[in-house]
Amino acid sequence: MNIFVNEEKLDIELGKSIGEVFCTLKYDNSVIGAIVDGELKDLFYIPKEDEKVSPVHKDTEQGLGLIRHTAAHVLAEAVQSVYPETKVTIGPVIEDGFYYDFYSTKNFTEDDLLIFEKKMEEIINKKLPISRKVISKGSALKQFSSMGEFFKEELINEFPEKEEISLYYQDQWFDLCRGPHVPNTSYIKSFKLLSVAGSYWRGDENRESLQRIYGTAFFSNKELKKYLSLLEEAKKRDHRKLGKELNLFSITDEVGPGLVLWHPNGSTIRRIIEDYWRDQHIDAGYSLIFTPHIAKADLWETSGHSEFYSENMFSQMDIDSSKYQTKPMNCPFHIMIYKSELRSYKDLPVKFAEIGTVYRYERSGVLHGLFRARGFTQDDAHIFCTLAQIEEEVEKVINLTTKFLNAFGFEDYEIFVSTKPSKYVGSDAEWDEATNALKNSLKNKSLNFLVDEGGGAFYGPKIDLKIKDVLGRSWQCSTVQVDFNLPKRFDLNYISRNNDRLQPVMIHRAIFGSFERFFGILIEHYGGAFPFWLAPVQVKILTVSEEQFDYSNFLVDIFSKLKIRVEIDKRNEKLGLKIREAAISKVPYVLTIGKNEMENKTVSVRKYGGEQLGELEISKFEDVIKKEKMGDLL
RNA sequence: GCCCAGGUAGCUCAGUGGUAGAGCACAUCCUUGGUAAGGAUGAGGUCGGCGGUUCAACCCCGCUCUUGGGCUCCA
């Protein structure tokens with residue numbers, strides 16, 4: 001039988017494992033697995049005719065999957081040795097580590113994690129060899145039912161008859177597992193259990209509640225440390241923490257969960273973003289509108305939200321014997337404005353944009369600071385156009401979107417096009433044309449995108465954009481969605497050149513998604529140190545003593561006229577303290593004013609981060625900030 | 001919603017079945033100072049809320065509200 005090892009054709013005996021093949025090739029024990037036709041396999045794997053095999057070494061990214069999977073097994077053994085009644089379920093490798101779900105009457109605590117870690121350490125140090133055994137479905141069932149491992153039983157019962165069932169052993173302990181694993185436990189050089197959390201068997205909230213232990217493993221302590229410090233860094237940047245420290249926003253018990261209070265500092269930033277947003281949208285040909293926060297329930301009946309979205313809507317209220325509803329979306333209002341006059345094909349595209357606050361019921365467990373709130377403000381817009389206009393309009397939306405994202409320092413993004421799902425409205429021809437229009441608009445901009453086949457909403461195809469922040473984390477913000485449904489439901493039309501009544505299509509689009517969420521992302525992206533154009537206080541003046549009060553007031557006048565947000569710290573405190581506090585509040589420019597500066601008509605400039613620009617003439621410093629202000633005209 | 005872990009001064013957090021603690025912030029005073037914390041004094045709490053056990057509850061128990069980690073990754 002032939003296989004290809006590193007592209008080279010090799011004749012091997014049928015039924016030989018990759019490990020054995022590598023052995024004959026005199027590979028050393030740094031080889032711990034293989035990539036076979038793009039999939040990670042271990043040395044136990046028996047290759048099939050013509051498969052392409054390449055070795056996976058330890059200390060590589062690819063090898064991490066192997067040690068993490070084995071680490072999950074080691075964890076399971078450790079847990080069962082400490083709490084023998086514990087039932088095992090599944091323990092896969094995930095993006096940055098692994099987890100294992102357990103069923104146990106004992107509630108695991110953080111302290112238990114330390115005990116498990118210690119036990120794992122012992123198992124790893126024993127350098128237990130891993131072995132693989134293939135058994136029949138019948139004996140697998142027998143085996144696991146005799147052990148009372150009923151979750152495993154359930155899994156095995158559902159396997160197709162022909163499926164090869166394998167057990168992985170580490171010494172005596174074994175688990176039903178398809179692999180892949182490292183040859184022995186000692187390859188796990190460095191690991192850590194990170195957290196305990198709840199989960200459900202098979203993610204189904206009607207099934208058994210399980211306890212999930214998250215952990216990660218690496219080939220070296222150095223890598224583990226690097227990963228842990230990344231987690232630390234993310235913690236430091238947590239927008240909930242910075243929001244409090246920098247006095248940006250709060251979410252309080254008294255007001256209610258998921259409802260955001262924007263404090264003056266946060267509001268200043270939001271105002272600047274909104275001003276920029278409005279300017280850009282007016283330039284891009286949108287009409288800016290305002291709509292109410294509640295409306296008659298009938299409107300949501302027509303839109304279909306009551307039927308399809310009721311789980312996320314707040315309950316209705318009675319007003320003058322009519323039912324009203326807080327808005328979970330802005331679209332029906334925009335539609336009503338479209339319908340307020342008879343539209344001609346000459347009017348299209350009609351573009352309405354609104355910074356519109358919506359209210360959605362989110363289950364209490366999913367609320368998360370600004371990222372997931374119950375009241376939030378969308379940067380919403382709706383484009384009413386013909387099918388033929390979609391391509392051009394979407395291209396304009398993409399242009400506007402990239403302009404915005406670049407202005408906020410996001411250079412990297414991933415783009416996804418989602419196509420027709422199994423249940424949909426509209427004709428196949430409409431879907432094809434709209435989907436092609438979306439793809440073409442991206443191709444015209446030479447933007448790469450991935451296609452999520454069947455991932456579209458029932459009402460139309462869409463483009464989603466995920467941005468990457470400085471820590472490399474992805475966030476989905478921008479979305480462009482074609483909608484065939486609402487124009488039909490609201491019976492929208494326009495008069496064509498031939499005097500026919502035709503139905504327009506609608507494009508829903510948001511760039512930030514929501515101001516709350518986007519603000520949260522910005523806080524974490526910048527770590528609270530906002531760029532000059534966004535900083536709530538741009539320049540802080542620190543007086544050395546009372547003698548400089550007049551001079552500092554004079555400076556404030558000058559900078560205020562330049563529309564700079566400036567504050568003076570006149571407190572009766574030492575300069576060192578004032579500098580420390582200005583630095584902690586992350587003000588971009590700190591000006592120290594003492595006797596010298598007053599006499600010389602200068603300012604001593606210190607940039608955020610500690611860089612000293614030294615003593616500058618006032619006009620020289622004006623030049624510095626004017627240059628900074630240019631930054632926001634990206 | 002469900003599981004686990006929290007909720008003590010404005011903030012960050014100690015703490016104990018027997019009168020509630022620190023640091024920062026705040027107020028007043030002293031100090032008028034030169035690049036990341038000057039000093040003193042003081043005020044500030046129904047220990048998330050409601051019920052229970054107890055001679056006595058911030059602590060133990062139950063309920064409730066709320067915050068955090070999760071609940072998609074499939075042997």
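Order of the sequence lines sets the chain letters (A, B, ...), proteins ahead of strands, with each chain counted from 1.
- Residue-level contact check: A:Ile579 touches the bases, meaning some heavy atom is under 4.0 Å from a base atom.
- Applying the ring pair (Phe, Tyr, Trp, His ring centres under 6.0 Å) criterion to A:Tyr45, with sequence neighbours excluded, gives no partner residue.
- Counted by atom type alone, A:Ser310 and A:His305 present zero donor-acceptor pairs between their side chains at under 3.5 Å.
- Stacking of A:Lys570 on the aromatic ring of A:Phe549 is recorded, both the 6.0 Å distance cut-off and the 45° axial limit being met.
- Rounded to whole Å, the P atom of B:rG62 lies 42 Å from the corresponding atom of B:rC26.
- Taking the six-membered ring for Trp, A:Tyr589 and A:Tyr608 have ring centres at least 6.0 Å apart.
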For RNA chain B, what is the dot-bracket line, given that a base pair needs Watson-Crick (N1 to N3, plus N6-O4 or O6-N4) or G-U wobble (N1-O2 and O6-N3) geometry with both distances under 3.5 Å, and | means paired with another strand?
-> (((((((..((((....[..)))).(((((.......))))).....(((((..]....))))))))))))....
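- If you check every strand for non-hydrogen atoms under 4.0 Å, A:Glu164 touches a base.
- With contacts defined as side-chain heavy-atom distances shorter than 4.5 Å, the pair A:Lys607/A:Pro588 does not qualify.
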What does the list of N/O pairs under 3.5 Å between the protein and nucleotides 62-66 of chain B look like, with a distance for each?
residue	atom	partner	partner atom	Å
B:rU66	O4'	A:Asp253	OD1	3.2

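- Counting non-hydrogen atoms under 4.0 angstrom, A:Gly594 reaches a base of the nucleic acid.
- Centroid-to-centroid, the aromatic rings of A:Phe151 and A:Trp201 come within less than 6.0 Å.
- Residues passing the side chain to side chain donor-acceptor pair (under 3.5 Å) test with A:Asp42, sequence neighbours excluded: A:Tyr168.
- The same atom, P, is picked in B:rU46 and in B:rU72; the two are 41 Å apart, to the nearest Å.
- Nucleotides B:rG15 and B:rG69 are separated by 25 Å at their C1' atoms, to the nearest Å.
- Separating the C1' atom of B:rC65 from that of B:rG48 is a span of 7 Å, rounded to the nearest Å.
- Counting non-hydrogen atoms under 4.0 angstrom, A:Asp101 reaches nothing in the nucleic acid.
- Aromatic ring centroids of A:Tyr83 and A:Phe102 lie 6.0 Å or more apart.
- Counting any heavy atom pair closer than 4.0 Å across all strands shown, A:Phe151 reaches no nucleic acid atom.
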Got a list of protein N/O to nucleotides 10-14 of chain B N/O distances below 3.5 Å?
residue	atom	partner	partner atom	Å
B:rU12	OP1	A:Lys244	NZ	2.9

Might you list the N or O atoms of the protein lying below 3.5 Å from N or O atoms in nucleotides 3-6 of chain B, with each pair's distance?
residue	atom	partner	partner atom	Å
B:rC3	O4'	A:Ser209	OG	3.2
B:rC3	O2	A:Gly198	N	3.2

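- Side-chain atoms of A:Glu597 and A:Thr602 include no donor-acceptor pair closer than 3.5 Å.
- Cation-pi geometry between A:Lys226 and A:Phe218 is not met at under 6.0 angstrom from the ring centre and within 45 degrees of the axis.
- Among the protein residues, A:Val590 comes within range of no part of the nucleic acid, since none of its heavy atoms lies under 4.0 Å from any strand.
- You'll find the ring centres of A:Tyr103 and A:Phe150 inside the 6.0 Å limit.
- Side chain A:Glu597 to base B:rG34: a donor-acceptor pair is found below 3.5 Å.
- For the P atoms, the distance from B:rG42 to B:rG52 is 40 Å, rounded to whole Å.
- At a threshold of 4.0 angstrom between heavy atoms, the contacts of A:Glu254 with the nucleic acid are absent.
- Base contact: A:Gln612 has a heavy atom under 4.0 Å from a base atom.
- Ring-centre distance between A:Phe314 and A:Tyr359: not below the 6.0 Å cut-off.
- Within the 4.0 angstrom heavy-atom criterion, only backbone atoms of the sugar-phosphate kind lie near A:Arg240; the bases stay farther away.
- Separation of the A:Trp475 and A:Phe518 ring centroids does not fall under the 6.0 Å cut-off.
- Here A:Phe371 and A:His239 bring their ring centres to under 6.0 angstrom of each other.
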